[in-house]
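So you know, we letter chains A, B, ... as the sequences are listed, proteins then strands, and number each from 1.
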Amino acid sequence: MKDKEMGEIVCTDCGYVLARNLVDSRPEWRAFDTEQRKKRTRVGAPMTFTIHDKGLSTMIDWHDKDIYGKRLSPGQKAQIYRLRKWQRRIRVSDATERNLAFALSKISKMGNALNLPKHVLEGASLIYRRAIKERIIRGRTLEGVVAGAVYVACREAKLTRTLGEVARASEVNKKEVGRNYRFLVNKLGYHIPPLKPGQYVTKFSNQLTMQGMVEEIAHKTLETAKEARLTSGRAPTGIAAAASYIASVLTGERKTQREIAEIAQVTEVTIRNRYKELVEELNFIITL
DNA sequence: AAGACGAAAGTGGTTGA
DNA sequence: TCAACAACTTTCGTCTT
């Protein structure tokens, strides 16, 4: 057992001191929130990965001279050449390695914000690794690709995370997430069926804290919508939002369009449009 | 005053020549 | 590769409750 105060490693069973005079690796400052931690931490990932070393690492230069300016012997020259070669190789793998580590930490951060189960995060990581392997990230921001990968993983796992939610949890906008999502799906050959509006209805109902009956009506509404072929080509979230709205009105548990639009991440106008179409089909009475 | 409604113009993506 | 097109958004004025 390590005892940082005493600087010793002590066996907890017999009390034998295995090592003493250890260096305390803990910081000498304390941070009470992430804001402070950010300010006080003096080490960590560099701000940019495009220039991997930011001039911090030592390079073997190309002059075949030693520090006194004398020319090297042929034997030394060969050795230096080999060293240079290896340094080049190590540097490259080091940079991509760090890049990957950075991306993975971003993924888990997003996972926290989105409440994603672990296997989805692993899926996202795998997707990112594949993206690196296929060399298709060039020219794209790391954040964008990460967000795209997370969204792909969600869709694969049939989770009802919307583009907007993923975008909020990342550092890029909705458009970027969508672009990267499509890009990844294309390049990595994923086949992802669109989510059913019904799944969104369930989700929205929960977020709106509606009664079970309201959700039931919303699902019924969707059924008729499907039969009327109003679902094809339309955004599932929009239809689900409209169905939820209708159900809330029907049961008297009225929610405003704005409320629903807010959590469904669509506009009120879209809800209205779907809603109008649906009501035309729903002129037969729904009773429960 | 808030919510619902709808027209009009703009956006980004898909499709078909 | 480009233009037409459908779905969706933004904005804003009007009507309803």
Among the nucleotides B/dG6, B/dT14, B/dG12, whichever has the atom closest to the side chain of A/R182 is B/dT14
Short side-chain N/O contact to B/dA4 OP1/OP2 from A/Y275, under 4.0 Å: no
When you compare the side chain of A/E143 with that of A/K106, does any pair of heavy atoms fall below 4.5 Å? yes
Whole-Å distance separating the CD1 atom of A/I271 from the C1' atom of C/dA7: 15 Å
Selection residues 147-166 of chain A - residue pairs positive for side-chain hydrogen bond (donor to acceptor under 3.5 Å, both in side chains), sequence neighbours left out: A/Y151-A/R155, A/T162-A/E165, A/T162-A/Q265, A/E165-A/K203
Rounding to a whole Å, what distance do you find between A/L230:CG and C/dA6:P? 16 Å
Measuring only between side-chain heavy atoms, which start at C-beta, is A/V150 closer than 4.5 Å to A/L116? yes
Determine which bases of DNA chain C form Watson-Crick or G-U wobble pairs with both distances under 3.5 Å, and write the result as a 5' to 3' dot-bracket string with | for other-strand partners. |||||.|||||||||||
Categorize A/G233 for me: base, sugar-phosphate, or nothing, with a 4.0 angstrom heavy-atom threshold over every strand shown. sugar-phosphate
When the distance from CZ of A/R272 to P of C/dC8 is rounded to whole Å, what number comes out? 14 Å
Grab the CG-P distance between A/N273 and C/dA6 for me, whole Å please. 15 Å
A/I239 CD1 - C/dC8 P separation (whole Å): 7 Å
For A/R234 and B/dT14, give me the distance from atom CZ to atom P, rounded to whole Å. 17 Å
I'd like to know if the side chain of A/S108 and the backbone of A/G111 have a donor-acceptor N/O pair within less than 3.5 Å. no
Please pick, from C/dC8, B/dG12, B/dA4, the nucleotide with the shortest atom-to-atom distance to any side-chain atom of A/K175. B/dG12
Test side-chain contact (heavy atoms from CB on, under 4.5 Å) applied to A/M110 and A/V166, step by step: CA-CA 8 Å; A/M110 287 182 65; A/V166 174; 3.7 Å; yes
In this structure, how many angstroms lie between the C1' atom of B/dG12 and the OH atom of A/Y181, rounded? 16 Å
Validation row: A/Q199, A/L159 side chains within 4.5 angstrom (heavy atoms): no
If we only count heavy atoms from C-beta on, is the A/P236 to A/K196 side-chain gap below 4.5 Å? no
Side chain of A/R179, base of B/dG12: donor and acceptor closer than 3.5 Å? no
Residues in residues 256-267 of chain A with a heavy atom under 4.0 Å of DNA chain B, by number, are A/T256, A/Q257, A/R258
A/N173 CG to C/dC8 P, in whole Å, measures 19 Å
For A/N99 and A/Y128, what are the C-alpha separation, side-chain angles and deciding distance, and is it a side chain to side chain donor-acceptor pair (under 3.5 Å)? CA-CA 11 Å; A/N99 182 300; A/Y128 191 83; 3.2 Å; yes
Please step through salt bridge (charged side-chain N to carboxylate O under 4.0 Å, His left out) for the pair A/R179 and A/E176, ending with a clear verdict. CA-CA 5 Å; A/R179 222 206 302 275; A/E176 273 298 303; 3.0 Å; yes
